[in-house]
Amino acid sequence: MKLDAKVLRYMSPEDFRVLTAAEMGSKNHEVVPSAIISQIAKLRHGGSHKVLSELARRNLVAKVQHIKYDGYRLTYGGYDYLALRTFCQRNSVYSVGNQIGVGKESDIYIVANEEERQMVLKIQRLGRMSFRTIKSKRDYLKNRKSASWMYMSKLAAEKEYAFMKVLHEHGFPVPEPIDQSRHCIVMELIDAFPLRQISEVADPGKLYSTLMNLIVKLASYGLIHGDFNEFNILIRENGDAVLIDFPQMVSIDHPNAEFYFNRDVECIRVFFKRRFQYESLLYPKFRLDTEREFDLDVKVAASGFTKEKQQELEKFQEEEGQLAQELG
Ligand SMILES: Nc1ncnc2c1ncn2[C@@H]1O[C@H](COP(=O)(O)OP(=O)(O)OP(=O)(O)O)[C@@H](O)[C@H]1O
């Protein structure tokens, strides 16, 4: 589905009332009965019925035949518009431009505010991968509810925003976080290319140590990236590196911290050897080179992305990973 901010201007307050009611209802119901949607939206049954049919025609909600009753569920499309409306109301986004990226489980758009500042809108789409891999295996799909995928996408966006915020505040090279709602975040647009697309650099040794120092600095601030690779690092024209994505980031006190740390280091070593034929005997070692000086992990938890949320998301990511492996 294409995201178009103009659609927002064509949506009536009633449309949004009903859409919001569907969202609220889905907290307690997998399929929200039409009667409950009317009740929450405070509209006559006939009135909300008409609006719901129209929203369903535009794929913002989907009609579902439940065993006992007919109802609706919010779609990712509807969820996108609710988030976009929140951004518009807070004046963080005014218009939506081109889609510039499709991650494994996200969509990336260029957006702008009223002052025409260009920014990046990242929409989490957890479940998309498993949906693809599992398409033929209907049994799995029955057990995974779309509502829980949307909830997990919201957790993923909250996590990314919380980490980006503390990292940015402490001078780490990450995009400036601008806003977050539901499964979406708005951040600074970085004018750079992913390391993965770069075939030559002026001084591979210098970039290698910059990246290794970044892994070590993160650890001294209490954090392990966990997915430090050529896809998640952008390189500016002047050679500066910017970290854009940290879905696996954990505290240095995490039981698997050492494993993740070594994997991050190894990832960079392997990449530099393969891409730039650059090898060094020097690389950071966990504990020996990582002394904790700050507690950004604690700061993130205090910012609202709690340990419980982190664990919930982690459990989901593990299950998804396992499932993907099992299904090849
Ligand atoms: N702030 C940004 N500025 C410029 N480009 C960006 C920014 N954020 C993301 N991108 C572009 O979008 C692409 C995908 O972004 P990102 O890695 O955050 O998505 P993802 O879904 O987590 O990706 P994957 O899981 O496939 O690695 C990046 O490779 C980059 O080209």
>> Tell me the closest heavy-atom pair linking P173 and A241, and the distance in Å.
In response: CB-O, 3.3 Å

> Will you find, in the side chains of H168 and E188, an N or O donor that is under 3.5 Å from an N or O acceptor?
Replying inline: no

>> Nearest 0.5 angstrom please: I215 CD1 to C267 SG, how far?
In response: 8.5 Å

>> By the definition side chain to side chain donor-acceptor pair (under 3.5 Å), identify the one residue from Q311, Q310, Q317 that meets it with E314.
In response: Q310

> Parallel, tilted or perpendicular: which describes the rings of F272 and Y208, with under 30° parallel and over 60° perpendicular?
Replying inline: perpendicular

> Tell me the salt bridge (charged side-chain N to carboxylate O under 4.0 Å, His left out) pairs involving residues 213-223, sequence neighbours left out?
Replying inline: none

> Measuring from Q197:CD to I235:CD1, what's the distance to the nearest 0.5 Å?
Replying inline: 11.5 Å

> Which residue pairs pass the salt bridge (charged side-chain N to carboxylate O under 4.0 Å, His left out) test when at least one of the two sits in residues 234-248, sequence neighbours left out?
Replying inline: K122-D245

> I268 pairs by side chain to side chain contact (heavy atoms under 4.5 Å, CB included) with which of I233, N229, L214?
Replying inline: I233

> Distance under 6.0 Å and angle within 45° of the ring axis: does K165 meet both against F163?
Replying inline: no

>> Could you work out, with ring-ring contact (aromatic ring centres under 6.0 Å, His included) as the rule, every residue matching F172, not counting sequence neighbours?
In response: Y221

> Looking at L74, L60, L84, which one forms a side chain to side chain contact (heavy atoms under 4.5 Å, CB included) with Y79?
Replying inline: L74

